[in-house]
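Structure, as structure tokens:
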Amino acid sequence: MAAKAFISELKDYIGQDVTISGWLYNKTGKGKLLFLMIRDGTGIVQAVLFKNNVEEDVFEKCEHLPQESSLHITGHVVEDKRAKGGCELQVKEIQVVHVAEEYPITPKEHGTEFLMDHRHLWLRSNKQHAIIKIRHEIIKSCRDYFDNLGFTLLDAPIFTPAACEGTTNLFEVNYFDEKAYLTQSGQLYMEPGAMAFGKVYCFGPTFRAEKSKTRRHLTEFWMVEPEVAFCDLNQNMDLAEGLVSYIVERVLENKRDELETLERDISALEKVKKPFPRIDYDEAAKILKEAGSEFVFGDDFGGGDETIISDKFDSPVMVTHYPANVKAFYMKNDPQRPDRALCVDMLAPEGYGEIIGGGQREDDYETLVQKIKKHDLPMDSFKWYLDVRRYGSVPHGGFGLGIERTVSWLCGRSHVRETIPYPRMLYRLYP
RNA sequence: UCCGGUGUAGCUCAAUCGGCAGAGCGGGUGACUGUUAAUCACUAGGUUGUAGGUUCAAGUCCUACCACCGGAGCCA
């Protein structure tokens, strides 16, 4: 009786018989030789059949087996330099679990629309598989980073009563007899949490009903949002820099095969090292002016502007002190320059844009009330939020890291839609 | 929402000035003992996105609509 094994551990079984369970990824052959590429979710291995060495019915079963048919396959594991992964399986027996119908995704090229319509199947493909494995590593790194620093996970609600930031469009849903909105950020809920636990973070999906049609936007995306009490802008930046460099380190350490599958330029990621460059808005504006951008001083940066700025550096660059009026109401103004916010955006290299936005929060009750009024937001909705400034208010801050943009950057993908299992976009709710 | 682009076989694409609807891959049949997107031979496969218009003749020109792609704004 052969042992059950996963393809990723086959190297430990060289010289032994094993049974693997998986799907037929691809098939080639040459006369009496048949090569079956088998995948089981942990890897891919080549199974070899030579007609004269196996039972006739075993060969015949495999000869016309369609792509993605599921099977149990028993064979002898042998070392073979010709095989990717260093070993292959000499087939002895095969049990077909299901003969697949004609599989739509062939090893040849396909267009975006077709692949996105078949996203549920596309996830089986090599590169998509690698992206999701890297996404997993990134998410796990985020959790480990904060957990190791003594943060407490404080999940934010998905249903919210009002706009967190006022400006962007929210998805409205019926909540019994009233209106609710899908959250666009957990941050407001983290601030009271920081006052209870000192250091907290939330990790979850967020929703934006913006009709954005770009490579950097999804309507549903994931964010990790830490919030820390007794924390100023610089300490906040230290935390952000530590997180991102830790993520990059972990991915380089544990997901090198996947990066190679994706043909990612690994040397570019290896250049990402603390300390990250820190510049303020004025310096960023100067870079844009020198590059001949049409950027207007006082405005927020456009996507193209972010690329120009980040191209100046190998590591992500942190841009601080934006004009207060282009930032959210809860940002604290710089006491030295009241027209500026104590905020930071982290721009990823290679044109991947903003992966982090955050800053120090307004901690003075009266100032915050004035800001809410100025932004024309419903005061009642923020009563609980204002309480943070009434009972032992302290300087505090935090940020949000966009998971999909981070995955997109580390995987070298041109579009965030490939970095989440089932993307939700302006014109896509399926599958 | 605005600007630009593309819709032809299951998939990726070609079709010259408006003049017979094509190829590769995938599917099927067969050959081949080391393939890696194998190769070779044969074969099936079409309401050219939808509706209308111009013309002897429309995949090709015109109008509207639909779908998708890229970008802008907004943001992570």
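Just so it is clear: chains get the letters A, B, ... in the order the sequence lines come, proteins before strands, and each one is counted from 1.
Base-pairing analysis of RNA chain B finds the following stems of at least three consecutive Watson-Crick or G-U pairs, with both pairing distances under 3.5 Å: B:1-7 with B:66-72, B:10-13 with B:22-25, B:27-31 with B:39-43, B:49-53 with B:61-65.
Residues meeting the salt bridge (Lys or Arg N to Asp or Glu O under 4.0 Å) test with A:R264, sequence neighbours left out: A:E350. With sequence neighbours excluded, no residue forms a side chain to side chain donor-acceptor pair (under 3.5 Å) with A:H118. For A:N53, the side chain to side chain contact (heavy atoms under 4.5 Å, CB included) partners two or more places apart in sequence, or in a different chain, are A:F50. With sequence neighbours left out, the salt bridge (Lys or Arg N to Asp or Glu O under 4.0 Å) criterion links A:R135 to A:E404. Annotation: side chain to side chain donor-acceptor pair (under 3.5 Å) contacts of A:D311 (sequence neighbours excluded): none. Not counting sequence neighbours, A:T28 has no partner by the side chain to side chain donor-acceptor pair (under 3.5 Å) test. Residues that satisfy the salt bridge (Lys or Arg N to Asp or Glu O under 4.0 Å) test with A:E263, not counting sequence neighbours, are A:K127.
For residues 44-62 of chain A, the set of pairs meeting the salt bridge (charged side-chain N to carboxylate O under 4.0 Å, His left out) definition, not counting sequence neighbours, is empty.
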So which protein N/O to nucleotides 68-71 of chain B N/O distances come out below 3.5 Å?
{"unit_1": "B:rC68", "atom_1": "OP1", "unit_2": "A:Y427", "atom_2": "O", "d": "3.2"}
{"unit_1": "B:rG70", "atom_1": "OP1", "unit_2": "A:R417", "atom_2": "NH1", "d": "3.0"}
{"unit_1": "B:rG70", "atom_1": "OP1", "unit_2": "A:R417", "atom_2": "NH2", "d": "2.7"}
{"unit_1": "B:rG70", "atom_1": "OP2", "unit_2": "A:R417", "atom_2": "NH1", "d": "3.3"}
{"unit_1": "B:rG70", "atom_1": "O3'", "unit_2": "A:R215", "atom_2": "NH2", "d": "3.4"}
{"unit_1": "B:rG71", "atom_1": "OP1", "unit_2": "A:R215", "atom_2": "NE", "d": "2.2"}
{"unit_1": "B:rG71", "atom_1": "OP1", "unit_2": "A:R215", "atom_2": "NH2", "d": "2.3"}
{"unit_1": "B:rG71", "atom_1": "OP2", "unit_2": "A:R215", "atom_2": "N", "d": "3.3"}
{"unit_1": "B:rG71", "atom_1": "N7", "unit_2": "A:K213", "atom_2": "O", "d": "3.2"}

Name the pairs: protein N/O against N/O of nucleotides 23-25 of chain B, kept only if under 3.5 Å.
none

Return the polar atom pairs (N/O with N/O) between nucleotides 5-7 of chain B and the protein under 3.5 Å, or none.
none

